[in-house]
S.K.: 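A single structure is presented below for examination.
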Amino acid sequence: MKYENQIIQGDCLEILKILEDNSVDSCITSPPYNVGKNNMTENKYGEGDSMSQDEYSDWTKRVINELYRVTKNHIFYNIQMLSDNKRGLLKLLGDYSEKIKDIIIWNKRQVAPAIEPGVMNSKFELIIIFSKDSPEKRKFADANFHATFNNVLEGKSASNENLWADKHKAIFPLYLPYRIIENFTKEGDIVLDPFMGLGTTAIAARNLKRNYLGIELNPDYIKIAEDRLRQNILL
């Protein structure tokens with residue numbers, strides 16, 4: 001069965017099991033960062049973003065393995081290195097080195113200052129590109145660019161355009177999935193986001209005449225995403 005242009009409610013690890021191998025063209029997502037439960041995250045992931053380092057590492061691998069199975073081309077996996085995910089993230093880069101094609105740096109113009117003294121302000125995030133397209137090489141055979149796409153994306157952070165901060169503390173700025181979809185996918189492709197949140201990846205896909213498939217645990221987020229997708233002007 002082909003799934004497209006819908007957001008499915010549920011745990012992504014359970015929903016991904018129903019998808020066939022290579023059933024979506026590309027994936028663009030940002031998983032929970034394992035930041036723990038505090039006033040910045042309690043409305044973002046509820047109780048589900050506070051694991052031990054080992055639990056988070058194991059969970060991440062299960063997610064990546066399922067995404068790699070269902071995705072035909074590339075997985076763009078946005079993650080920020082923080083104290084409670086650092087060990088798992090660095091281990092991930094080593095364990096999946098043969099499947100990682102390249103890394104994009106998302107360099108944010110404005111960042112919140114670090115809360116604790118002696119901690120550097122975190123101005124960039126990683127977008128790890130897992131790929132089935134000759135991952136040992138840096139060339140993307142199906143890309144839509146020639147010397148026009150840099151491996152550093154610069155722009156405002158999500159908070160600058162987040163009109164729903166009381167519901168979701170961190171969403172993609174629209175330009176981020178838009179630039180990736182525009183340069184690495186074709187019209188008619190299916191773009192998956194297994195942590196769909198408020199639907200920004202789906203909106204970027206729709207704007208660029210791609211299909212989307214979302215998975216989201218929180219039904220309130222799905223309602224907001226679907227409301228956004230119904231707008232005549234897709235913002």
S.K.: Under 4.0 Å between a Lys/Arg side-chain N and an Asp/Glu carboxylate O for Asp142 and Lys186?
M.R.: no

S.K.: With heavy-atom distances below 4.5 Å as the criterion, would you say the side chains of Lys108 and Glu125 are in contact?
M.R.: yes

S.K.: Can a donor-acceptor pair be found between the side chains of Asn211 and Asn5 at a distance below 3.5 Å?
M.R.: yes

S.K.: Parallel, tilted or perpendicular for Phe195 and Trp59, by the 30°/60° rule?
M.R.: tilted

S.K.: Does the distance from a Lys or Arg side-chain N to an Asp or Glu carboxylate O, for Asp227 and Arg230, drop under 4.0 Å?
M.R.: yes

S.K.: Determine whether Ile128 and Leu82 fall in the same hydrophobic cluster, where Ile, Leu, Val, Met, Phe, Trp and Tyr are linked whenever their side-chain heavy atoms lie under 4.5 Å apart.
M.R.: yes

S.K.: Under 4.5 Å between side-chain heavy atoms, counting indirect links through other Ile/Leu/Val/Met/Phe/Trp/Tyr residues: same cluster for Phe124 and Val111 or not?
M.R.: no

S.K.: Out of Val63, Leu67, Leu192, which one pairs with Ile75 under the side-chain contact (heavy atoms from CB on, under 4.5 Å) rule?
M.R.: Leu67

S.K.: Quick check on Lys137: does its NZ atom have over 12 non-hydrogen neighbours (other residues, nucleotides or ligands) under 6.0 Å away?
M.R.: no

S.K.: Near Glu20 CD, under 6.0 Å, is it more than 12 heavy atoms from other residues, nucleotides or ligands?
M.R.: no

S.K.: Quick one: list whatever passes salt bridge (Lys or Arg N to Asp or Glu O under 4.0 Å) with Arg69, sequence neighbours left out.
M.R.: Asp21, Glu66

S.K.: Around atom CD of Glu136, are there more than 12 heavy atoms from other residues, nucleotides or ligands closer than 6.0 Å?
M.R.: yes

S.K.: After noting the C-alpha distance and the side-chain angles of Phe76 and Phe184, does the key distance pass the ring-ring contact (aromatic ring centres under 6.0 Å, His included) rule?
M.R.: CA-CA 10 Å; Phe76 297 84; Phe184 293 94; 5.0 Å; yes

S.K.: Residues in side-chain contact (heavy atoms from CB on, under 4.5 Å) with Asp11, at least two apart?
M.R.: Leu13, Glu14, Leu217

S.K.: I'd like to check Pro31 versus Thr60 (side-chain heavy atoms, cut-off strictly below 4.5 Å). Are they in contact?
M.R.: no

S.K.: Does the side chain of Asn85 reach to within under 4.5 Å of the side chain of Gln80, using non-hydrogen atoms?
M.R.: no

S.K.: Which pairs of donor and acceptor atoms, one on a side chain in residues 148-155, lie under 3.5 Å apart (sequence neighbours left out)?
M.R.:
| unit_1 | atom_1 | unit_2 | atom_2 | d |
| --- | --- | --- | --- | --- |
| Glu154 | OE2 | Asn107 | ND2 | 3.0 |

S.K.: For Leu213, which of Val70, Asp193, Leu19 qualifies under side-chain contact (heavy atoms from CB on, under 4.5 Å)?
M.R.: Leu19

S.K.: Do any N or O atoms from the side chain of Asn218 and from the backbone of Asp220 form a donor-acceptor pair under 3.5 angstrom?
M.R.: yes

S.K.: Taking atom CZ of Phe145 as the centre, report whether more than 12 heavy atoms of other residues, nucleotides or ligands fall under 6.0 Å from it.
M.R.: yes

S.K.: When Glu4 is tested against each of Asp189, Ile190, Val191, Val24 for side-chain contact (heavy atoms from CB on, under 4.5 Å), which residue passes?
M.R.: Ile190

S.K.: Are Ile105 and Ile100 linked, directly or through other ILVMFWY residues, by side chains that come within less than 4.5 angstrom of each other?
M.R.: yes

S.K.: Determine yes or no for a side-chain-to-main-chain donor-acceptor pair under 3.5 angstrom, with Asn73 supplying the side chain and Lys132 the backbone.
M.R.: no

S.K.: Any idea which heavy atoms bring Thr185 and Arg210 closest together, and the distance?
M.R.: O-NH2, 2.6 Å

S.K.: Considering the options Thr200, Ile28, Ile104, Ile127, which one meets the side-chain contact (heavy atoms from CB on, under 4.5 Å) requirement together with Leu176?
M.R.: Ile127

